[in-house]
Protein chains: 2
Amino acid sequence: MIERKDKILTAALELFANHGYNGVSTNKIAKAAEVSEGLIFRHFKNKQGLLDAILEQAFEKAAVLYAHIITEQDPKQVLYKTITLPFSVEKSEYYFWKLQFKLKWELEISGKEKMQPLLDKLNWAFGELGYEHPREEAELLQHLTESISSGILKDGMETQQHLKDFLLTKYKV
Amino acid sequence: MIERKDKILTAALELFANHGYNGVSTNKIAKAAEVSEGLIFRHFKNKQGLLDAILEQAFEKAAVLYAHIITEQDPKQVLYKTITLPFSVEKSEYYFWKLQFKLKWELEISGKEKMQPLLDKLNWAFGELGYEHPREEAELLQHLTESISSGILKDGMETQQHLKDFLLTKYKV
DNA sequence: GTCTATAGGATGATAGAC
DNA sequence: GTCTATCATCCTATAGAC
């Protein structure tokens with residue numbers, strides 16, 4: 001059985017991801033979730049608490065994806081997994097993903113610290129592969145995947161597909 | 001003499017750039033501009049009209065920067081100017097710049113069309129320089145400058161400086 | 001756990017005086 | 001051009017019944 005608390009979380013996730021935090025009222029969330037507005041405050045104390053609960057879920061999902069790269073031992077595979085990551089995000093996690101980008105700008109929640117281990121791993125991988133400036137190569141590739149992710153979220157995956165193939169060739173992975 | 005209409009535009013620009021469109025009320029704008037709230041609606045009809053007036057200014061500023069690249073005849077200089085552009089934006093235009101990124105996500109205003117001539121020019125430049133896949137190289141570099149711009153706006157120019165030098169070396173310009 | 005009703009304040013926008 | 005006063009609506013949040 002679908003709990004009402006989850007219905008709120010699901011509805012709020014989609015609305016926040018599409019219209020931002022300040023662009024959505026608790027009234028709209030309640031209607032979308034087919035729930036009384038008061039229930040939101042019972043379960044999450046206030047609107048910010050609802051967002052926090054969603055963000056916690058989002059961080060957990062992201063951690064799983066990142067772990068897949070960080071635990072990888074083959075440097076070439078680290079590059080491969082980094083490049084293909086934006087293209088392997090499931091539809092079911094699409095809203096979590098979009099929300100991250102939205103909030104990064106709207107509320108200036110950076111999430112930069114969460115990316116540090118990934119950056120370190122890329123740094124290590126480029127070093128192993130004999131690149132002259134592994135740190136800069138790592139930052140560049142991270143910037144690229146960030147912007148490609150942004151492109152996927154805004155214009156659709158089709159528009160970025162060819163860049164994946166191009167990058168895989170470029171980095172010989 | 002500073003007109004009150006301009007005071008409104010200036011105050012609104014800073015507030016929108018820092019807190020987003022939905023994060024700022026007309027009341028707050030009026031107080032920041034030291035102006036009565038009603039005056040905003042006299043001059044701009046409604047809140048959206050105020051944003052539109054600011055965006056028009058922003059597009060004009062951006063057009064000037066882009067023209068500097070598009071009219072360039074030397075392909076190496078096209079790459080040079082593209083890479084250094086994010087590092088040459090004046091402090092006075094900082095809020096216009098930040099607003100573009102904010103609104104791209106909050107209101108999903110893409111501004112993609114405005115970038116097309118720039119992409120075409122990069123495509124041409126990479127072709128002239130004998131790159132095998134000029135279209136993909138162009139898209140990659142545009143993605144990079146987009147993400148580096150984002151990094152400058154979020155974490156400051158210092159954090160991205162070394163990437164500029166690295167890119168200039170990489171592309172030999 | 002869930003709903004209804006409602007408080008108290010903020011919000012976008014208008015009217016009318018100067 | 002500008003201000004003050006005001007309005008209807010919407011917003012977050014709480015109280016109390018079931």
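The chains referred to below are lettered A, B, ... by the order of the sequence lines, with proteins before strands, and numbering in each begins at 1. All figures in this text were calculated on a predicted structure; none of them were measured in a lab.
- Of the residues in residues 38-57 of chain A, those placing a heavy atom less than 4.0 Å from an atom of DNA chain C are Leu39(A), Arg42(A), His43(A), in numerical order.
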Check the pair Phe126(B), Leu141(B) against side-chain contact (heavy atoms from CB on, under 4.5 Å), reporting the backbone distance first and the verdict last. CA-CA 10 Å; Phe126(B) 278 117; Leu141(B) 183 53; 4.0 Å; yes

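- Shown here are the ring pair (Phe, Tyr, Trp, His ring centres under 6.0 Å) partners of Phe166(B), two or more places apart in sequence or in another chain: His133(A).
- No more than 12 heavy atoms of other residues, nucleotides or ligands lie within 6.0 Å of NZ in Lys31(B), so this atom counts as exposed by the packing criterion.
- The existence of a salt bridge linking Asp120(A) and Arg135(A) is confirmed by a sub-4.0 Å separation between a basic side-chain nitrogen and an acidic carboxylate oxygen.
- The pair Glu132(A)-Lys170(B) does not count as a salt bridge, with every side-chain nitrogen at least 4.0 angstrom from each carboxylate oxygen.
- Within 6.0 Å of the CD atom in Gln48(B), the count of heavy atoms belonging to other residues, nucleotides or ligands exceeds 12.
- For the pair Leu122(A)/Glu139(A), no side-chain contact is recorded, criterion being any heavy-atom separation below 4.5 Å from C-beta on.
- Remark: Leu51(B) CG to Ile109(B) CD1 distance equals 6.0 Å, nearest 0.5 Å.
- Counting only residues at least two apart or on different chains, the side chain to side chain donor-acceptor pair (under 3.5 Å) pairs with a member in residues 57-71 of chain B are His68(B)-Lys81(B).
- To the nearest angstrom, C1' of dT11(C) lies 10 Å from NZ of Lys28(B).
- Between Lys154(A) and Glu108(B) no salt bridge is recorded (no basic side-chain N to carboxylate O distance below 4.0 Å).
- Overall bending of the helix from dG1(C)-dC18(D) to dC18(C)-dG1(D), expressed as the angle between end axes built from five pairs apiece, is 0° (10° steps).
- Scanning DNA chain D 5' to 3' for nucleotides with an atom closer than 4.0 angstrom to a non-hydrogen atom of chain B gives a first and last hit of dG1(D) to dT4(D).
- Between Phe59(B) and Lys114(B), the closest side-chain pair of non-hydrogen atoms falls below 4.5 Å.
- Between Glu106(A) atom CD and Leu103(B) atom CG the span is 11.0 Å, to the nearest 0.5 Å.
- Residues of residues 18-27 of chain A that place a heavy atom closer than 4.0 Å to DNA chain C do not occur.
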